[in-house]
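Take a look at the structure set out below.
Proteins come first, then strands; the chains are lettered A, B, ... in the order of their sequence lines, and each starts at number 1.
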Amino acid sequence: MTDGLRDFVEDLQPRQLPPPLQQQQQYAHISRQRGRRPMFGQRPVAPPQPLSPNVTSAAAAAAAQTGVADSNNINDESIRNLPEPSSQSTLKKQLLGPSVLKSGQDNVDQSKVAEIIYEASKGSKYFANESRKDLELTKRIDRILRKKAEIEKIDTSVDLKRADAYIAALELDRDLSQTIVHVDCDAFYASVEELDRPELKTVPMAVGKGVLTTCNYEARKFGVRSGMAGHIAIKLCPQLIFLPLNFEKYNAKAKEVREVLARYDERFEAASCDEAYLNITGYLAKHNLDPEEAVEKMRQEVFEHSKLTVSAGIAPNARIAKICSNKNKPNGQFRVGNDRSIVMSFMKSLPVRKVNGVGRVFERELEAVGIKTCGDIYPLRGLILKLFGQKAYEFLISVSLGLGRTVIRPAEEYIRKSIGSESTFPDLEGTANLREKLRKTAEALEEDLTKTELQGRTLALKVKMFTYEEAIRQKPLPYPIWKAGDVYEYALPLLTKLEEEYKPMKLRLMGLRMTNLSSRKKSGGSGGGSGGNFFKPVIVKKRKLGAEVEEKWEEWPEEEWGKYDEAGFEVRRADEGDMDPDELKYFDGLESDDLVGLECDDDDDEKERNEKSASDEEEKKEEEVVYWPCPICDLPQMPDDRAFNDHVDYCLSRQTIREAVREGGGERDTTPVAPPLTRTGGSASPEKATMSTVFKEYKQTGSHKNPLPSRRGRPRGKKRKL
DNA sequence: GCGGATCAC
DNA sequence: TATGGTGATCCGC
């Protein structure tokens, strides 16, 4: 350790400046971590030996030996839980960490890295926990595969038809008119540190302790990654230099970057400290610039202004832009053009893991059923709903089509739904000790509640046992609280409850979190939640079976990532034109929910769920209901007048469009990209490639609305802005 | 509504 | 000696 580094740590101890953006608060806490340990300074060791060509470290050599066969280590006592040798490989991959597919690791031998990590982890409690989780996942995947076999036995043509109808509806909504940019700073924290200490540029260096927050590209050559445990990183790269976090510095730099971004889209969306989305459609039109030119210029300006390099992705929507920004990292950019065939061919070979929302677990589940790339989704579209559920279905389908949101808006317009504080510490046990820790945790939470001027009506206590097993107990409160004393008082019963459940409870982490938030600001403000004075949140209801829907909740990761527009902010982007996407989705959702007999119990009405025999009820209904066949698409509809009429209207509008396509000859854009996506039986359009083109015209004229006299009123209510 | 799990950063 | 913290969502019960 060096004194200089220690000074750094002392310096930031009181810490925490008001983060300009909501998202940044999630990082602010880190700087006040207790129990800091000595920093690792430079060690007198052998010169750097990247893992790229040859691994020469002792650990690697040892690993190489044991690594001949994956199952060689199975007799280790600590991993006796492991079922069969085959799961070793998945576990190793799991241990590799979440960012294997990220950039900067292309020339690193991942299997050797995996071995080293595996060897270094073996025997630890952490490892045992990972093994347990891996086993659970393997079992779950087993169930999924059995389910798949079941489904394949029966007739899936109805599911296929429904999927095709859904896809057709989504296709109608496709918007290729916007140019979205995702900007991502390269190794942000590490780069900022290098500005102050240029000599670090040429040596492997990491920021953060315990778990690395990030590391520079020199370090990545050794297989070091962000999110990696510090002691593992040392095994991979003994000469790795560790720096402490310095959020003031990072925030200042982030601000500089944002100043430039604002020139291109004043309503850009800061997704985190070092990431942002921009809609540069307006900018391009105004300055008559090519997207690539403009972004090139923007990155150049960012560099001149902040001395930091950024990477960027340019695409018709945020999801693809995000993927693109990783493509030519560092200091590069990549564009997927605003053209359906380009989008489709880009998605076709893209590993699903690259998509935001597909993590290590989902990746394995998908792989098990034969989905490795986004192009693999479409052929299985008839199975996915039953295999993974409604949300995952909607998500995967939209991913396979390369769809994503095109509305970008400032982070300030999102409302926070929870606020919490948690910390890890050396194993702790004993009622008195745990209560003391609880008190400290409550005080930390009060601090954040004070800063944000929030209060909450539901309190949750989270603990992590010394075995890494986690548990949460939560409780609604009689009134909103924010003071540490109150928090402690209400948290104590939760703690004692846990102590009873887990007999001698030994903890390594404790956290408190408040939900059901409301603002304590006099002037209203953005705090949302029940109890709020000015901005009462919109009641957002999830899809309900058959019944009228006041507000619909946008499907999972697809759009807003759960953040919603509390006070009904007017979003003024062009893309939310006249065709209300909700309506299409509504009908489709209704269809699938109703017909599949899926457990769609997203009701907010308590009475509806009082019957524990919900599933029985469901089945009974399923048998009794007589569906009305739609005269257009022939798919069975719920016997509900309004819903039926809505559906027919919808089908007619699609029919109209289809005919328009045929008349127009459908000659444009006919490249047969992504073959599976162009044609399937049933109601799918014969020429989807042109549908979006046609639809654009419809959007302009607005003539698609109510192609025939409507028989009733649409389910009204505030339309969800996408 | 609760608790566990997953995901992103 | 020994693998983080904040916030959000989804699923099963």
Side-chain angles (χ1 to χ4, degrees), chain A residues 19 22-33 37 95 97-99 102 117 120-121 123-127 129-130 133 136-137 140 184 188-189 208-214 226-235 245 271-275 322 355-365 388-392 395 414-427 444-445 448 458 460-462 464 468-476 498 508-509 511 513-517 542 553-558 560-564 599-604 606 609 612 614-615:
Chain A
Q22 238 178 357
Q23 271 73 7
Q24 292 175 350
Q25 294 190 333
Q26 61 187 295
Y27 299 104
H29 67 279
I30 301 180
S31 55
R32 68 153 180 251
Q33 276 179 10
R37 288 174 299 164
L95 289 167
S99 53
K102 292 262 172 76
I117 296 175
S121 303
S124 69
K125 282 176 291 192
Y126 175 81
F127 180 91
N129 187 251
E130 291 300 308
K133 277 164 38 183
E136 286 303 309
L137 177 56
R140 203 162 73 219
D184 197 339
F188 183 55
Y189 296 168
K209 51 183 173 160
V211 170
L212 307 185
T213 303
T214 191
S226 64
M228 179 177 280
H231 73 270
I232 300 284
I234 291 177
K235 284 250 182 352
L245 291 154
S272 72
C273 196
D274 69 333
E275 277 181 45
K322 164 83 179 158
V355 180
N356 237 354
V358 180
R360 283 175 288 179
V361 172
F362 201 16
E363 177 191 30
R364 269 192 64 190
E365 293 178 354
F388 298 110
Q390 182 72 28
K391 296 293 180 183
F395 170 71
Y414 293 107
I415 63 158
R416 183 203 286 247
K417 289 180 178 155
S418 78
I419 181 169
S421 174
E422 66 183 55
S423 63
T424 298
F425 37 78
D427 291 356
L445 182 55
D448 292 342
T458 302
L461 172 67
K462 168 182 167 184
K464 198 190 284 182
Y468 287 86
E469 189 183 355
E470 291 181 18
I472 299 169
R473 296 293 175 267
Q474 75 173 38
K475 203 165 101 74
L498 278 168
R508 77 185 325 274
L509 172 146
R513 177 163 296 271
M514 305 253 15
T515 55
N516 238 320
L517 300 180
K542 294 196 177 180
W553 185 246
E554 192 40 64
E555 50 272 82
W556 174 50
E558 152 74 315
E560 306 295 339
W561 289 90
K563 302 162 177 174
Y564 63 93
E599 49 301 316
C600 78
D601 54 349
D602 288 331
D603 53 295
D604 287 338
E606 298 81 354
R609 68 163 37 272
K612 198 56 211 136
S615 56

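Summarising the geometry, the separation between CZ on A:Phe395 and P on C:dC11 is reported as 12 Å, rounded to the nearest angstrom. Separating the CD1 atom of A:Ile232 from the P atom of C:dT3 is a distance of 10 Å, rounded to the nearest angstrom. Here B:dC2 presents its P atom at 14 Å from CG of A:Leu498, a figure rounded to the nearest Å. The nearest whole Å value for the distance from the NZ atom in A:Lys133 to the P atom in B:dG4 is 14 Å. Rounding to whole angstrom units, CG of residue A:Asp448 and P of C:dT6 are separated by 7 Å. The separation between A:Lys391 atom NZ and C:dA8 atom C1' is 14 Å, rounded to whole Å. Computed from coordinates, the A:Leu445 CG to C:dG7 P distance equals 9 Å when rounded to whole Å. Between the C1' atom of C:dT3 and the CD atom of A:Glu470 lies a distance of 13 Å, rounded to the nearest Å.
A:Arg473 meets the salt bridge (charged side-chain N to carboxylate O under 4.0 Å, His left out) test with A:Glu501; sequence neighbours excluded. In this structure, A:Phe425 has no ring-ring contact (aromatic ring centres under 6.0 Å, His included) partners at least two apart in sequence or on a different chain.
Among the nucleotides C:dT6, B:dC9, C:dG7, the one closest to any side-chain atom of A:Glu275 is B:dC9. When distances run from any side-chain atom of A:Ile472 to the nucleotides B:dG4, B:dC9, C:dA8, the shortest one goes to B:dG4. Nearest to the side-chain atoms of A:Gln474 among the listed nucleotides C:dG4, B:dG3, C:dT3 stands B:dG3. Looking at the side chain of A:Ile419, the nearest of the listed nucleotides C:dG7, C:dG4, B:dC7 is C:dG7. Distance from the side chain of A:Ser418 is smallest for C:dA8 among the nucleotides C:dA8, C:dC10, B:dC7. Counting only heavy atoms from C-beta on, A:Ala471 has its side chain closest to B:dG4 among C:dG4, C:dG5, B:dG4. Checking C:dT6, B:dC9, C:dG4 against every side-chain atom of A:Glu422, the shortest atom distance belongs to C:dT6. Comparing atom distances between the A:Asn356 side chain and each of C:dT6, C:dG5, B:dA8 picks out B:dA8 as nearest. Side-chain atoms of A:Arg140 lie closest to B:dT6 of the nucleotides C:dT6, C:dT3, B:dT6.
If you check every strand for non-hydrogen atoms under 4.0 Å, A:Arg360 touches sugar and phosphate atoms only. Within the nucleic acid shown, A:Glu130 has no heavy atom closer than 4.0 Å to any nucleic acid atom. A:Thr458 comes within 4.0 angstrom of nothing in the nucleic acid, heavy atoms only.
At a threshold of 4.5 Å between non-hydrogen side-chain atoms, the residues A:Ser423 and A:Leu509 do not count as touching. Residues A:Glu365 and A:Leu137 form a side-chain contact, since some pair of their non-hydrogen atoms from C-beta on lies under 4.5 Å apart. You'll find the side chain of A:Arg140 reaches within 4.5 Å of the side chain of A:Val361, heavy atoms only.
A close approach under 4.0 Å does not occur between any side-chain nitrogen or oxygen of A:Lys462 and OP1 or OP2 of B:dC2. Residue A:Ser423 has no polar side-chain atom (N or O) positioned under 4.0 Å from OP1 or OP2 of C:dG5. A:Arg513 has no side-chain polar atom (N or O) that falls below the 4.0 Å cut-off from OP1 or OP2 of C:dG5. Between A:Arg473 and B:dC2 there is no side-chain N or O to OP1 or OP2 distance below 4.0 Å.
Nucleotides B:dC7 and C:dG4 have their C1' atoms positioned 15 Å apart, rounded to a whole Å.
Remark on DNA chain B: of its neighbouring residues A:Lys475 and A:Val361, the 5'-side contact belongs to A:Lys475, judged by nearest-heavy-atom nucleotide. Nearest-nucleotide positions on DNA chain C for A:Phe388 and A:Arg508 put A:Arg508 closer to the 5' end.
In terms of heavy-atom proximity, A:Asn356 sits nearest to A:Phe395 at O-CZ, 3.6 Å.
A:Arg508 and A:Thr424 form no side-chain donor-acceptor contact under 3.5 Å, judged by distance and modelled atom types alone.
A:Ser121 contributes a side-chain N or O that forms a donor-acceptor pair with the base of C:dT3 under 3.5 Å.
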